Amino acid sequence: MREKTINFIIALVGILVGACVVYVVIANPFDKEETSGALGCQYTSCTNKVVVDNTGISEAVKKVYDAVVMIQNYKSNTLQGSGSGFVYKVDSKYGYIMTNQHVVEGSTSLKVRLSNEKTVDATLLGGDDYLDIAIIRIPVSEVITTVTIGKTSDLKLGGFVFTIGSPVGEEYFNTVTSGIISGLNRQVTVSVKSSNDWVMDVLQVDAAINPGNSGGPLLNSNGEVIGVNSLKLVDSQIEGMGFAIKIEDAMAHIDELESGKNIERPLLGINLVSVTDKNLLYRYGISINDDIEYGIVVISVVEDTGAAKSDLKKGDVITAIDGEKVTNAAYLKYILYKYKSGDEIKVTYSRDGKEKTTKVILTKSED
């Protein structure tokens, strides 16, 4: 009997010791990666975990949804196409809607469909081909709500974004899609006035952007507008590459657009051709060194312009402006249009195989 009692006690002690060991292994805080502080990090590396919580996105969508509209482009009472837009401000008489220029281009009349399914007539105030932004207005009594304008300066790669627009048409009115920021400063060459002569500095996203989304807002997780959807690479081998104009670029010219004025852009004062266009160079009797791989060639200098008062002449190859590389005619405009008429720039060019510089005061363009 005594022997059985001893064996029982030994077994019980063994069970208790084993339980303690298991507890230490499982519950020891030093083994958990979540533990912070100097003591915990002595035993394992501290890992910062990122938690993505989208529970608030529906609230952000709700905040902006009624400000997004579908825009219908009519020519001679025939529907030509549709796009999206958003109400960004109101005054005592009107609500002002931002969209893409190509959405309203060629229209004789415009209609706007609101989230309450009401359709109202709209008036085009102004637009710009290069910026691809246009402003239209509707009676303020028809406006349900307005968006909040955000900023792109604090955006990061991988940051969450969403869009609202009407892909294809009325059937998919105000569709919501989401994604991330795929690229912050993408320079995309686009056609303006039937010519591939313009570079846009845009945001790249992987949110679904389809025909009809053009002009709709790109929004951050707070429901603030950070861009205007404008471009999409369309190719059988490409998916998930959408582009949006930065909201700051659009708002920088809002006064001119609302008043219907042309956006004033500076003029260098030259006729030009890209170095790669050998046929045109031959036609103008210009030959350049074979080792020149980029730049634009001066064909002629326009009288009474800044270039006419500089050292530039026919045959010079412009390679940089204020140290920024000029690869072709599209990039020349991209760089020039950062300046205003009256600004002085330093032009780097090649002549007879030698690099030179000259200063040019930009003049006002008539176009």
Side-chain angles (χ1 to χ4, degrees), residues 101-102 105 128-133 185-202 230-231 233 243 245-246 249 253 262-353 355-367:
Q101 167 66 11
H102 74 260
E105 196 167 24
D128 183 77
D129 289 315
Y130 287 102
L131 192 58
D132 197 23
I133 294 292
N185 297 289
R186 298 300 196 204
Q187 295 177 350
V188 182
T189 302
V190 296
S191 296
V192 177
K193 300 177 181 178
S194 301
S195 174
N196 290 324
D197 62 353
W198 179 242
V199 173
M200 297 185 73
D201 188 20
V202 294
S230 179
L231 304 167
L233 285 181
F243 297 92
I245 301 161
K246 296 177 181 179
D249 292 342
H253 300 285
N262 290 330
I263 295 177
E264 182 182 310
R265 293 189 170 93
L267 180 70
L268 180 59
I270 61 171
N271 293 309
L272 57 89
V273 63
S274 293
V275 295
T276 55
D277 199 333
K278 303 299 183 182
N279 290 332
L280 269 180
L281 289 174
Y282 178 79
R283 187 183 304 174
Y284 285 107
I286 297 174
S287 62
I288 60 174
N289 293 339
D290 292 335
D291 58 348
I292 297 178
E293 298 178 347
Y294 66 90
I296 58 99
V297 183
V298 178
I299 298 301
S300 63
V301 177
V302 181
E303 294 182 359
D304 299 322
T305 64
K309 299 174 183 178
S310 73
D311 297 329
L312 292 174
K313 68 177 186 179
K314 179 179 178 180
D316 290 342
V317 181
I318 296 176
T319 56
I321 292 177
D322 281 346
E324 193 167 356
K325 185 177 178 180
V326 175
T327 55
N328 52 36
Y331 273 89
L332 175 66
K333 286 184 179 181
Y334 168 71
I335 297 169
L336 278 182
Y337 291 174
K338 297 178 182 180
Y339 299 89
K340 298 179 180 178
S341 57
D343 289 346
E344 183 180 82
I345 60 173
K346 183 177 76 171
V347 178
T348 302
Y349 63 98
S350 176
R351 180 187 296 170
D352 299 327
E355 185 176 276
K356 299 176 178 290
T357 61
T358 186
K359 293 182 178 180
V360 177
I361 297 178
L362 300 173
T363 51
K364 182 178 179 180
S365 172
E366 297 300 323
D367 183 4

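Everything numeric in this text was worked out from a predicted model, so none of it was measured. Heavy atoms only: backbone and side chains are in, while hydrogens, waters and symmetry mates are out.
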With a 3.5 Å distance limit and no angle check, can you tell me whether D132 reaches the backbone of D129 through a side-chain donor-acceptor pair?
no
Is there a side-chain contact between Q187 and Y331 (heavy atoms, below 4.5 Å)?
yes
Is there side-chain contact between Y130 and K333, with at least one heavy-atom pair below 4.5 Å?
yes
Contact check, side chains of E324 and K338, non-hydrogen atoms, under 4.5 Å
yes
Kindly indicate whether the side chain of I270, heavy atoms from C-beta on, has any atom under 4.5 Å from the side chain of S300.
no
Got a second to check how far K356's NZ is from D352's CG, nearest 0.5 Å?
8.0 Å
N271 side chain reached by V302 side chain, heavy atoms, under 4.5 Å
yes
Contact list for residues 291-305, test salt bridge (charged side-chain N to carboxylate O under 4.0 Å, His left out), sequence neighbours left out
none
Is there a side-chain contact between I288 and K278, using heavy atoms and a 4.5 Å cut-off?
yes
Measure from NZ or CZ of K325 to the centre of the six-membered ring of Y294, then state whether that distance is under 6.0 Å and the direction lies within 45° of the axis.
yes
Looking at CD1 of I321 and OG1 of T357, how far apart are the two atoms once the value is rounded to the nearest 0.5 Å?
13.0 Å
Evaluation steps, side chain to side chain contact (heavy atoms under 4.5 Å, CB included), between L268 and T305
CA-CA 7 Å; L268 180 59; T305 64; over 6 Å; no
Give the minimum heavy-atom separation between N289 and G353, together with the two atoms involved.
ND2-CA, 3.3 Å
Does a donor on one side chain and an acceptor on the other come within less than 3.5 Å for E264 and S341?
yes
Closest approach of G306 to T363 (non-hydrogen atoms, all atoms of both residues)
N-CG2, 3.7 Å
Side-chain H-bond candidate by donor/acceptor type, D128 with H253, under 3.5 Å:
no
Taking the side chain as everything from C-beta on, heavy atoms only, tell me whether T319 gets closer than 4.5 Å to V326.
no
I need the L281 CG to S287 OG distance, nearest 0.5 Å.
9.0 Å
Are K346 and D322 ion-paired here, with the side-chain N under 4.0 Å from a carboxylate O?
no
Begin with the C-alpha distance, continue with both residues' side-chain angles, and end with the deciding distance and a verdict on side chain to side chain contact (heavy atoms under 4.5 Å, CB included) for V317 and I296.
CA-CA 5 Å; V317 181; I296 58 99; over 6 Å; no
How far does CG of L312 sit from NZ of K359, to the nearest 0.5 angstrom?
14.0 Å
Distance (rounded to the nearest 0.5 Å) between Y334 OH and T327 OG1:
11.0 Å
Side chain to side chain contact (heavy atoms under 4.5 Å, CB included) between L332 and L272: does it pass, once the steps are laid out?
CA-CA 10 Å; L332 175 66; L272 57 89; 3.3 Å; yes
Spacing of I286 atom CD1 and L280 atom CG [to the nearest 0.5 Å]:
9.5 Å
Does K246 pair with D201 as a salt bridge, N-O distance under 4.0 Å?
yes
Can you confirm whether the side chains of K314 and Y284 place a donor and an acceptor under 3.5 Å from each other?
no
Closest heavy-atom pair and its distance - A307, G269:
CB-O, 3.4 Å
Please walk me through it: do V297 and D316 pass side chain to side chain contact (heavy atoms under 4.5 Å, CB included)?
CA-CA 6 Å; V297 183; D316 290 342; over 6 Å; no
Using side-chain heavy atoms (C-beta onward) and a distance below 4.5 Å, is I245 in contact with I133?
yes
Is a donor from one side chain sitting under 3.5 angstrom from an acceptor on the other, for N328 and S274?
no
Between the main-chain N or O of S310 and the side-chain N or O of T358, is there a donor-acceptor pair closer than 3.5 Å?
no
Counting only heavy atoms from other residues, nucleotides and ligands, does the tally under 6.0 Å from NZ of K313 exceed 12?
no
